[in-house]
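Structure first, then comments.
Sequence positions, counted from 1, serve as the residue numbers for this chain. One-based numbering, in listed order, for ligands and for the atoms of each. Note that the structure is a prediction, hence the values are computed from the model and not measured.
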Amino acid sequence: MTEIFTGNFTQQEPIPEAGIEAALKVMRSGRLHRYNVAEGEAGETALLEQEFAAYTGAKYCLAVASGGYAMGAALRALGVAPGAQVLTNAFTLAPVPGAIAAVGAVPVFIGVTPDLVIDLGDLAQKVRGEAKVLMLSHMRGHICDMERLMAICDDAGVAVIEDCAHTMGGAWKGVPSGRQGVMGCYSTQTYKHMNSGEGGLLVSDDAELMARAIMLSGSYMLFERHLAAPPPEAFAEIKYQTPNVSGRMDNLRAAILRPQLADLPAQVARWNARYRVLEEGLADVPGLALTTRPAEETYVGSSIQFLLTDWEEPAITEVLARCAKRGVELKWFGAAEPAGFTSRYDSWRYAPSAPMPASDRVLRGIVDMRIPLTFSEEDCALIARIIRAEVSAVYQAA
Ligand SMILES: *Cc1c(COP(=O)(O)O)cnc(C)c1O
């Protein structure tokens, strides 16, 4: 009998009941705008910021409209001007080069290793160029050797912004992802680790950068109502000098996020249990390589990648088609045309770059799969059996 998987790869879990209750309360109050609070009330957004700052161990936190907005605010806070170069990953998703382009800056792409992290050798070369900022994307939750990366960037005087859209809850040697760079950016969009539809969070220990980000987000002169903001003195000059680029979070989204933040450690454990079932089920399949996960990395297994390195294109599309027929939706980063979210550096033609043959070889082989928490561990075991069977069948025929 041929096993078929019938789960839905884009079905997330419902919002926790506590979040629904809190959201109803906000709606009944009519006070959705973050600064529209009753006398003596902190507001859901300010409380979320305080709680997320505590969760990451950051001094300051700002909740914003999206992960992309958080990255843009970080770039602006660092003074990235139109025409400036910004280093970033060749293997990432469109909002990352998009945030750089949105401030008029020019992405300069750094290669990817077979373990799907930024190529530190390539970084060490390119860090000698014009760029003064690295937008580091922890793409698909893979964290590079952060000590080496920070040493390379510190040496060259390059500031690091961390894009933690896929590493909220992750860490390197116990340091939460987003806490080694000058600013850390997170997304609470539906497909990330907390779900408010759209939303973002920005953390930093740097009072000046955070004061700028808060002014940018559209705080008018109400920054004193924040619970995770730098002291008022930090705003003395900045409040006159920083334009308003509205991108606040609202109390409704913050209300549904706060209970999810409380649940995050438990959710991370559930993701990783599923990830390990898949990883075990895909071990030792001829022609298929899994990434190795270093002991220093605390990852969140909300997706899994494997490599079909040097496979011919028709064989890869055959694997994808066979898996799809059995209900397993895989995404391939190697296709000639970007499809859905699977674009890569040479798809972003507004940011031309020289080809990177070693990275191209990796990118051509990357197959990616989301792991929604609506899948059980048994589902993951079944999915692994299907992928194993179909990859093996195509590999043997080739
Ligand atoms: C989702 C995502 C973001 C931020 O996305 P928003 O949709 O703007 O919240 C940033 N980087 C990566 C790699 C992402 O996948």
Determine yes or no for a side-chain-to-main-chain donor-acceptor pair under 3.5 angstrom, with Arg344 supplying the side chain and Phe333 the backbone.
-> yes

Within-shell test, Met71 vs ligand 1, heavy atom, strictly < 4.0 Å = yes

CG (Leu222) and CD1 (Ile214) are apart, to the nearest 0.5 Å, by 11.5 Å

Answer with side chain, backbone, both or neither: which part of Val96 has a heavy atom less than 4.0 angstrom from an atom of ligand 1?
-> side chain

d(Leu116 CG, Ile143 CD1) to nearest 0.5 Å is 13.5 Å

Looking at atom 9 (O) of ligand 1, what's its closest protein heavy atom, distance included?
-> Ser187 OG, 2.6 Å

Show me, pair by pair, the donor-acceptor contacts under 3.5 angstrom made by side chains of residues 70-82, not counting sequence neighbours?
none

Check: Trp271 ring centre within less than 6.0 Å of Tyr299 ring centre | no

Got a second to check how far His142's NE2 is from Ser137's OG, nearest 0.5 Å?
-> 11.0 Å

For residues 124-136, which residue pairs qualify under side-chain hydrogen bond (donor to acceptor under 3.5 Å, both in side chains), counting only residues two or more places apart or in two chains?
-> Asp122-Lys126

What protein heavy atom sits nearest atom 8 (O) of ligand 1, and how far away is it?
-> Gly68 N, 2.8 Å

protein heavy-atom neighbour closest to atom 14 (C) of ligand 1 works out as Lys192 NZ, 3.0 Å

Val64, Leu93, Asp163, Thr190: member with heavy atom nearest to atom 11 (N) of ligand 1 | Asp163

What protein heavy atom is closest to atom 7 (O) of ligand 1, reported as residue, atom name and distance in Å?
-> Gln189 NE2, 3.0 Å

Per-atom filter on ligand 1: closer than 4.0 angstrom to a heavy atom of Thr92 are 13 (C)

Shortest protein contact, atom 15 (O) of ligand 1 (heavy atom only) = His166 NE2, 2.7 Å

By number and element, which atoms of ligand 1 are closer than 4.0 Å to a non-hydrogen atom of Ala165?
-> 2 (C), 3 (C), 10 (C), 11 (N), 12 (C), 14 (C)

